[in-house]
Every structure is written in structure tokens, then in C-alpha cells.
Amino acid sequence: MPEELWEVSGSVESIHFRNEENGFTVLELNNGAELVTVVGVLPFVSVGEELRVMGQWSNHPQFGPQMKAAFCERSLPATASAVLRYLSSGVIKGVGPATARSIVEAFGGDALKIIEEDPERLASVRGISKHKARQIRDEFIRQFGIREVMLKLGGYGITPDQALRVFKRFGAAAVDVIQQSPYLLCDEAIGIGFERADAIAMQMGADPAGDERIAAGLRYVLRHNTGNGHTLLPREPLLKTASDLLGCGTDLADIAIDRLLDRHELEPFCMGGREFVALPALLEAERFIAGRLRLMRASPPPPVPYDEADLCAIAHSRGLEQDELQNEAVRCALSEGMLILTGGPGTGKTTTLNAILTLLEGTGRKVLLCAPTGRAAQRMTELCGAPAKTIHRLLEVEWSENNRLRFSKNEQSPLDCDAVVVDELSMVDVTLFEALLRALPAGCRLILVGDADQLPSVGPGNLLQDIMESGLIPTVRLQKVFRQAGQSLIVTNAHKIVAGQPPDLTRRDGDFFLLEEGSSFRAARLVAQLCSERLPAAYGFSPMDDIQVLCPSRKRELGTASLNKALQEKLNPPRDGAREFPHNGFVFREGDKVMQVRNNYDIGWERDDGSDGSGVFNGDIGVLVRVDRAGGVLSVRFDDRTAQYTGDDLNDLEPAYAITIHKSQGSEFDCVVLPLLDMPPPLCYRNLLYTAVTRAKKLLVIVGRRSVVLQMVENNRKNRRYTALRALLKEESHEAEPDPAGT
């Protein structure tokens, strides 16, 4: 039985807290007899407004009785004193307390009506010009436009922060725009998925067989498959998937594709005699990458002079071994201007790269280092002894007025450098690489580093493989495992796995162990014991800083969801004074290890030295240091900075005692614990195991069955990705031409 709703009415006396991201508000309501604390999602409610609130009473342990609002009706203040409090609150930009008093003295309780309907009369108030009067009116109307959008879209279950994004995208006419074309809610800047937008459209009476719905469904299928790495799809599978999703015939979807192609809302591409369909931005990205790389290959910068003795001296000074492939890589980077440097662990990629950097910088060249994630950039900085940035930071990411991502560095404002080095190229998607190439100055060297046997990018494209297979750019694959690295079972077993050979799982005196366990329940318990007791006792590892559990999957008993709860119970159990915040099925607790799971450039942070900034990146791992439940704010410490999470930003935060192997790309950990048991068959493949193994620096412990490890080694299946880049680089593609007969 639903709980009874209570009602309270009055004027807003004060606002104690407001989260601007999600609209969560704590306010005091004067009901004529007492002040009542009201909490809830009440965006843009201001001091002086009259509210009628319905909700449930609760007793906060710190703040006492309060009403949690379920419904709220509001009206503008009517009395002169209420209008004064309203205008003095700063709700209207350009009107402060002094100006508010002057306006109310002139117009009394009619002041707001004058602002809206006859703003020129405001010019009679001292200090307000006609221009400022119009600005005040426009801001007043804008505030109510946002409220109207939130109120009406809220009826369809759209949250305040989503409604605010709709308003930013479409302005005061947002409600009319959405009612006419509800599938515009699928816009990436708004972030509402197709299924939800489709349900809203059906509420609004959309035609299930209408052109707009079918077109939106086709675009959704293409966008959804970018998450599987595809930049385009064959036409026939696209038709089948879209028609199944929409519940319509393939003939209707086929007609819709032709219309979208005619309007250039989708783009055709012919490859291997087969017709493909692409979202224009992705095909344009691959076309640009191919064109720019061909141009750079045809017009390389002048060779950098160096002597073989210089290279030998660099190696000798660092006590490093060399082989001819390393020397070949240095020669290519300095003479050809472009290089792909690849190879497994222990083959000397860092040694080779450092030699290239030393020789370039020694001849006065300015070199910039970058990587796709924050952790990968940090590791690059440590290995190369020079500052590295994320690619986004290097390109100076910012947001446009339409809430879209853009970069300050581009063709008009290129990077100031002579060479750019990109590490972990396998993790970079085509749109980010396109942006990087657009920002390269003429004559810039480009050195691309990555392990071709690791997992490809989470985003669209298969950059490293496509570029290597095209043969356009000189590629050096280092293969020799050097003496020091060869003493590590982690390194030797990683190379065996890549070669399809069974790893050595019998030794007990190295850095690579298998602990046999046939029960998922017992394996989960063993993982928790290893992290909390056995490994810290035996090796001195910190459970929070040094040990990382990597899982193939999120699901099942040995997936991240289950193991994070088990590990939290062991490593950070409930205790007096540790505040908690339930979110997305997990109870976050102060002291938890957490991870940022996507790039978010809006999250604000402050460093220990008092400097501040914004932006937290996919793969960043930190500790939850403070929970403010009343405000809905979580404070997370990442190295020397503390970030504040509110609203939808909380969806970017996940527990990180156990993370997926995919999320570990670009990172290394002193100790990795890898549960391999009861795995979904699609995840039993070689380069997933290889990626997990190569994340460990000092120790790897597999918990599970030997048979599962061997099954993964034997399965060299790689998820096929549909991309155009390889064909474009090899100039083998033939664009689909319009049919002159119109058939």
C-alpha cells in the first residue's frame, strides 16, 4: 500500500542548498505558523515564491523533521514583501538587492507583471536604462521558459537535468519542438536512448510506421553498434536489425535508408563488392584520417641527422640491451617522419621510444607525448621521464554552446610541436584520432605506439590493426624478449599466450601463479582472502593501492558486480562514522575504491595546493573521501586532487575493487588477481586473457580452472569490426554512386 502523502503550503523563506546539476534542493517553507524543511528535486524554485508541496515526512538524524517532496505546485509571489525577497535572491541576472528594492518601491506587488508585460516602465527606476530593462525582462522570461520545459517534459518522466539539456539545445520552443519531433530526444547531447524516446513518442501519438520513427531506429542501430567498434554496417544486417527493433517490415526500412542516403543523413560505402551504410561523421573521420596519413607519408619532414654511435651511447648510458629491430625503429622515426612501434611486454618499446625522444630533443625538436586515458598518460610520464597528457587535454577540450564536445586545437590553431608520440594507440577511436590529426602542424612527425595483440578501442574503429594492415606507415614489431624481462613468468607466459601456446602454470617460485578452484562460491571467497589477507601478508602489497582484481565480465558470481560487494565487505566494511550513499545497486561508503568510467570534462576538482580545474577521465581510480547525503554530493580523491560528484555525474562512478579487463586497458598494477571460472563463452578468447596478463607488473594470480585458461589460449577469435579505414588507406574502395535510373 502506498504511503500517505501530506500537504504543506507557504512561501519560500530561504534556500539552504541547491545542486545545480540535478535540481536537488533543501529549503525552508513558511506556512504562516512555522518554518518547514522541504527537500527534493525542486529546480529553479526561488525565495519568495508560493509553494504547495505534497510529500512524505521523515526525520533526518542531523537536521530533524523534513518533508520529501513528491509533487510541487508553485506560483509567483503576490505581495510586495514576497516580491522583494524574490528579486533580492539573485534569481534574475542583473537584479541585486538594491535594484530589487527600487523596483518594488516603484511598482509594489505588481513589479513582476511590469517586468514581463511592460518592461520599458522599469526605465523610470533610477539606474535602469531601457537596454537593461529589456535584459531583465528577457532573463525573467528565460527562467520561466526553463521552468515550463521542466514541468511539461517532467510529465513524460524526463529528469530535470535532461530537461535542462533539452532547453539548452532547443531554447524556449523546446516543448513544441519535442512534441513535433520526439525522436530528437535521441540527440547525443541530450542523452536519452531510443527505447525511452520511442515510448515518449508513442505517448504523444506518433505513427509506429511513420518515416521519422523508422529513420530514428536506423540511426539508433548504427549508433548502438559504434559501441561494438563498428564505424559502418552492411546494408542487409542493418535492415534486419532495425526492422526487428521497430516491428516493421524490411521493405519499410529499405525505403527509409534510401531516403536518408538521398538527404545525406546517412552515407553509402562500397567495399569488397558489398554495400555498407554509415553515419556521416564516422565515415568522414575515416576519410580524413586516410587522406591526412597519405599526405604525411608523401611529404615527410626532413630527416633528423644522427649517428649510430649516438644510439649506442644512449643505450650504454642506461645499461640497456639493443637489437637491430630497435635500431630500425629509431631510423624510421628520424628519417621517415612516421612510425608504428608495436610489440609485447619486455621487448623494449620503452627503451626504443626513449632513444627516439633523446635524439629528437637533442636536436632541438619539440616533442609532445599523449595517451588516450589519464592512467595511460601517467604511466607514460613515469616511463619516459617527460610530461604526457591525455589526448583530450593536449587538444584543449571544451564544450560548445549546444553542449557538444569540441577542441581548441585544430587546423586553425595547431599544436606547437615538431613531433607527437601517441601511446596505447589500440585504445584510440577514429573520432579522437581524427581530431588529433587535424591539430598536427605541417611537417610534424608522428610516432604511434601500441600492442597490436591487446583489445581494440571501446569506441568505434580498429585503428592500430587497420593502419598496420594497410602497409602505409613503416611498422616495426619488436619480438626479442630481453634478458631481464625474460626472467619474468608474466612476460614469458604473455608471449606464449600470443603464440597460442599454453602458459606455464606449474611453477611456484615466480610471479605467475594458478590457484586451482572449481567452485565459483569458493573462488570468490578466495579472491577476497587474497586481496585482504594473504597477498598483503606475503608480499607487503597494499590492498587498495597495489592489488587489482580484473574480471572478464560484470555478471555472475565472479563478475565485478558481485566481487565488488564481497571485497568491500572485507576491505571497507560498515563502521561508525563512515557515511554511505546508495546508487545504482551499490552502497558507496567513505573509504571505497572507485573508478571514473567515462571522460567527463565538467566534474570540478581542487588540488591540495588550492588550484582548481575540471575534468575526470575514463579509467581514473580514486578513493571516496566524503559523502554528503543531504546534498547528494560525493567527494573523490584522485592522487593530489579531490573531485565533487553530483547529479548524473554519479552515474560515471563505479566501485573499483574489481574492474573489467576492458576497463584496465592502458593501466598497470603491481599485483593482478584474475578469476577465470564459469565464464560466458563469448569472453573465452585469447587477446582478452593476454590483455589481463600484461596489466600485472610484479605478480599475477589466476583463481580458477586450468582448462579455462587453456580454452582461452586456444580460441584466437577476434570480434570482427566493420570499418572503412583499411580500404581507404589502401585506396581499394569504390564509393557507391547514385543510380542514374533511380532504380
Side-chain angles (χ1 to χ4, degrees), residues 225-231 340-345 349 371-376 379-380 391 422-433 448-469 477 490 493-500 503 548-555 559-560 595 597-599 617-619 656 658-669 672 674-676 679-697 700 702 708-709 711-723 725-726:
N225 276 278
T226 64
N228 297 323
H230 305 299
T231 61
I340 293 177
L341 179 63
T342 186
K349 290 197 301 293
T373 68
R375 290 184 71 85
R379 188 163 63 90
M380 193 181 190
I391 300 174
V422 185
D423 197 12
E424 298 286 358
L425 184 70
S426 62
M427 297 176 63
V428 182
D429 64 42
V430 294
T431 56
L432 184 57
F433 194 59
L448 307 173
V449 184
D451 187 340
D453 294 309
Q454 286 188 21
L455 296 170
S457 62
V458 174
N462 198 11
L463 268 178
L464 184 55
Q465 288 290 348
D466 282 349
I467 297 174
M468 287 177 60
E469 290 175 6
R477 182 189 283 269
I490 293 173
N493 277 341
H495 285 274
K496 285 183 177 181
I497 290 167
V498 165
Q548 185 60 58
V549 177
L550 301 183
C551 303
S553 171
R554 292 177 175 271
K555 301 178 181 179
T560 57
M595 171 183 268
V597 296
R598 75 176 183 91
N599 291 336
F617 299 99
N618 184 17
I659 63 176
T660 63
I661 297 170
H662 282 83
K663 281 295 180 187
S664 74
Q665 285 180 270
S667 301
E668 284 187 339
F669 309 95
V672 166
L674 179 61
L676 296 179
M679 286 175 54
L683 295 177
C684 287
Y685 60 99
R686 185 184 300 171
N687 69 334
L688 186 71
L689 175 62
Y690 173 78
T691 300
V693 168
T694 54
R695 299 308 90 205
K697 290 194 291 186
L700 177 79
I702 298 175
V708 174
V709 177
Q711 181 183 355
M712 295 181 76
V713 173
E714 291 169 3
N715 182 7
N716 197 28
R717 175 192 65 81
K718 294 184 179 179
N719 289 328
R720 182 178 184 182
R721 293 192 167 196
Y722 292 115
T723 66
L725 182 59
R726 180 179 176 274

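Numbers for residues simply follow the sequence, beginning at 1. These numbers come from the heavy atoms of this one structure, side chains and all, not from hydrogens, waters or symmetry mates.
- A side chain to side chain contact (heavy atoms under 4.5 Å, CB included) with R695 is found for exactly one of L700, L674, V672, namely V672.
- Between R477 and D451, none of the side-chain N atoms (NZ, or NE/NH1/NH2) sits under 4.0 Å from a carboxylate O, so this pair counts as no salt bridge.
- Neither side chain, N462 nor T723, offers a donor N or O lying under 3.5 Å from an acceptor on the other.
- Counting heavy atoms from C-beta outward, L676 and P552 have side chains that approach closer than 4.5 Å.
- The pair E469-R726 meets the salt-bridge criterion, with a side-chain N (NZ, NE, NH1 or NH2) lying under 4.0 Å from an Asp/Glu carboxylate O.
- The main-chain N or O of S667 is never found under 3.5 Å from a side-chain atom of S664 such that the two would form a donor-acceptor pair.
- Side chain of Q711 to backbone of C684: no donor-acceptor contact under 3.5 angstrom is found.
- A distance-only check finds a donor-acceptor pair linking the side chain of D429 to the backbone of T431 [under 3.5 Å].
- With hydrogens and angles ignored, the 3.5 Å screen pairs no side-chain donor or acceptor of K349 with any backbone N or O of T342.
- A donor-acceptor pair under 3.5 Å is formed between the side chain of T691 and the backbone N or O of L455.
- Residues T660 and R554 have side chains in contact (heavy-atom distance under 4.5 Å, counting atoms from C-beta outward).
- For the pair Q548 (side chain) and A656 (backbone), a donor-acceptor distance under 3.5 Å is present.
- With hydrogens and angles disregarded, no donor-acceptor distance shorter than 3.5 Å links the side chain of H230 to the backbone of N225.
- Across all their heavy atoms, T694 and P345 have their closest contact at CG2-CG, 3.8 Å.
- With respect to R379 and E424, a salt bridge is recorded, a charged nitrogen being found less than 4.0 Å from a carboxylate O.
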